[in-house]
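Shown next, in structure tokens, is the structure this report addresses.
Model, not experiment: these values are computed from the prediction. Starting from 1, each residue takes its place in the sequence as its number.
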Amino acid sequence: MTLLVSFVGVVLSPIHIFFDCSFTFVIWEVVKAKCGFVLPCRDRMDEIHWGLTHCKDCSIQSRLFKLCLAASVYYIWKERNGRIFQQIGHESTSVVRLILEEVKASMTSWMHVSRSATNICLILEWGLNVDLPCTVYFYSLCSIFFS
């Protein structure tokens, strides 16, 4: 049996809230772009499945995907609860900001990040203060990666 909730006068399931809702679609697209994720999937359910099956290692990209997914689910559900129980809603940009702040705060504690071009690009993109050598070559590569 699927749990159904009344969300702003409409009966919705958790599947709709996280995978079909236009509000959460905007949030997930912005979070994915910030992380540099280009996923070979047709829809969000496939993206999540792909990420959970392909991100099992300890690489920075795998950890970032799982962290972004967890933070997105948490803040989207928190937004849902605020709208239902407190009649307080926020714009998607506010929810995205909270997600990205949470992810960045968690990333600052990561140790032993390998010095690959992808990792350096992600560190620069997130503005992290990590002691990694960054050359002009890596900076130009990052601008291509995140453009």
Side-chain angles (χ1 to χ4, degrees), residues 1-85 88-130 132 134 138-147:
M1 181 174 162
T2 302
L3 170 69
L4 296 176
V5 293
S6 176
F7 189 58
V8 192
V10 180
V11 177
L12 304 172
S13 70
I15 296 297
H16 172 82
I17 292 170
F18 294 111
F19 300 109
D20 298 330
C21 176
S22 60
F23 180 79
T24 60
F25 176 81
V26 170
I27 292 169
W28 184 241
E29 290 301 308
V30 172
V31 170
K32 279 191 328 185
K34 177 70 174 178
C35 298
F37 296 139
V38 179
L39 304 177
C41 304
R42 295 182 307 273
D43 59 32
R44 281 178 280 168
M45 186 79 93
D46 286 343
E47 287 179 346
I48 302 304
H49 184 265
W50 181 90
L52 295 176
T53 56
H54 288 84
C55 294
K56 293 186 178 187
D57 59 4
C58 291
S59 71
I60 193 170
Q61 283 187 306
S62 293
R63 291 190 284 175
L64 185 58
F65 180 86
K66 291 181 270 191
L67 183 58
C68 286
L69 177 60
S72 295
V73 167
Y74 174 81
Y75 282 104
I76 289 167
W77 198 256
K78 187 175 178 182
E79 176 67 17
R80 170 220 172 255
N81 285 345
R83 289 179 182 208
I84 292 173
F85 299 114
I88 298 172
H90 300 94
E91 296 291 322
S92 60
T93 53
S94 298
V95 178
V96 167
R97 184 183 45 77
L98 290 170
I99 292 167
L100 297 180
E101 286 173 359
E102 184 75 29
V103 170
K104 184 176 180 177
S106 296
M107 289 173 68
T108 59
S109 68
W110 291 353
M111 304 298 248
H112 310 294
V113 175
S114 65
R115 289 172 169 84
S116 70
T118 301
N119 290 352
I120 291 172
C121 289
L122 288 170
I123 288 166
L124 290 172
E125 175 66 20
W126 284 85
L128 299 176
N129 187 13
V130 177
L132 289 177
C134 182
F138 280 127
Y139 181 75
S140 63
L141 180 65
C142 294
S143 64
I144 293 168
F145 184 68
F146 285 103
S147 60

Pair up each side-chain donor or acceptor in residues 88-99 with any protein partner under 3.5 Å, not counting sequence neighbours, and list the distances.
| unit_1 | atom_1 | unit_2 | atom_2 | d |
| --- | --- | --- | --- | --- |
| His90 | ND1 | Glu79 | OE1 | 2.9 |
| Arg97 | NH1 | Glu101 | OE2 | 3.4 |

field: Lys78 NZ to Asn81 CG distance, which is reported to the nearest 0.5 Å
entry: 10.0 Å
field: Atom NZ of Lys66 with >12 non-hydrogen neighbours under 6.0 angstrom
entry: yes
Residue list, salt bridge (charged side-chain N to carboxylate O under 4.0 Å, His left out) with Glu47, at least two apart or on another chain: Lys32
- prompt: When rounded to the nearest 0.5 angstrom, what distance separates CE in Met107 from SG in Cys68?
  reply: 8.0 Å
- request: Find the distance between CD (Glu125) and CG (Leu122) and round it off to the nearest 0.5 Å.
  value: 8.0 Å
Reported CD1-to-CD1 distance for the pair Ile76 and Ile27, which is rounded to 0.5 angstrom: 4.5 Å
query: Any side-chain heavy-atom pair from Val103 and Trp126 closer than 4.5 angstrom?
result: yes
query: Would a 4.5 Å heavy-atom cut-off, applied to side chains only, mark Phe37 and Glu29 as touching?
result: no
